[in-house]
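Working notes for the structure below.
Chain letters run A, B, ... following the sequence lines, proteins first and then strands; every chain starts at 1. A quick note: this is a predicted structure, and the numbers were derived from the prediction, not measured.
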Amino acid sequence: LKARFAFPDWAYKPESSPGSRQIQLWHFILELLQKEEYQGVIAWQGDYGEFVIKDPDEVARLWGIRKCKPHMNYDKLSRALRYYYNKRILHKTKGKRFTYKFNFSKVVLVNYPILDMANSPFFLAQNHFNGGVLKKNEQINLIVSNSALDY
DNA sequence: CACGGAAAGC
DNA sequence: GCTTTCCGTG
C-alpha cells in the first residue's frame, strides 16, 4: 500500500515551462517523490505532505547532476530548502532528521491558473488552514514571483 | 544536524 | 529571483 497524494497531474510537470526556465529544487523534489524507483532515496512518510530524505548524499548527487553542479552536497542543498521556509513552500518537521513538509495548499496554489484561483478549492483550503491570516495579495504575489503560470 | 547571514553566480 | 558556496552558531 503506497501513500498517494491528491496532486493534480500538472503539479508534476517541472519541465513544462516553455520559457526553458531552470528547474527549481522543489519541482525536482516532487519529481523524485513521484517515482517509485527513488523510494529508497526519498519518500513520502508521516503526515500529509511530509517527506523524508533517506539518502541525503544521493539526493544531493542527483540534484547536482540535474543542475550540472558536481560539487553539490546535502549541506548546500539543505540551505536551498531552508530558503523555502519564508516562501512557505516547505517547513521543517522539527525533531525528525532529514524530514520536511510541503505546505501543500501553497504548492498547489503556485501552479494554479490565475483565472481560476479566486474560486479554487485550494484558495479556500489555504485560508481555512491558515485561519484566514494570509492575504489575497500575498498569494497573488507568490504566484507572480514564481512565474508559475506557464500556460 | 539544523539554522540563517553574507556574498557570489547565473 | 533562485540558488550555490561558505561558514559561524546552537
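If you look at Tyr100(A) and Tyr84(A), their ring centroids are not closer than 6.0 Å.
Note that the NZ atom of Lys101(A) and the NZ atom of Lys96(A) stand 9.0 Å from one another [nearest 0.5 Å]. Rounded to the nearest 0.5 Å, atoms CD1 (Ile65(A)) and CZ (Phe28(A)) are 8.0 Å apart. Rounding to the nearest 0.5 Å places CD of Gln45(A) at 12.0 Å from CD1 of Ile53(A).
Taking the six-membered ring where the residue is Trp, Phe51(A) and Trp44(A) present perpendicular rings, their angle passing 60° and hence far from 30°.
Nucleic acid contact class of Lys92(A) (heavy atoms, under 4.0 Å, all strands): sugar-phosphate only.
Nucleotides of DNA chain B lying under 4.0 Å from heavy atoms of chain A occupy a range whose first and last members, 5' to 3', are dC1(B) to dA7(B).
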**Request:** Any chance you could lay out the side-chain contact (heavy atoms from CB on, under 4.5 Å) test for Trp63(A) and Asn73(A), step after step, and finish with the verdict?
**Result:** CA-CA 9 Å; Trp63(A) 176 234; Asn73(A) 57 33; over 6 Å; no
**Request:** Check the pair Leu25(A), Lys67(A) against side-chain contact (heavy atoms from CB on, under 4.5 Å), reporting the backbone distance first and the verdict last.
**Result:** CA-CA 10 Å; Leu25(A) 179 54; Lys67(A) 288 289 292 288; over 6 Å; no
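A salt bridge between Glu50(A) and Lys92(A) is absent, with no side-chain N of the basic residue lying under 4.0 Å from a carboxylate O of the acidic one.
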**Prompt:** Reading nucleotides 3-10 of chain C from the 5' end, what letters show protein touch, with B for base, S for backbone sugar-phosphate only, - for no heavy atom under 4.0 Å?
**Reply:** BBB-B---
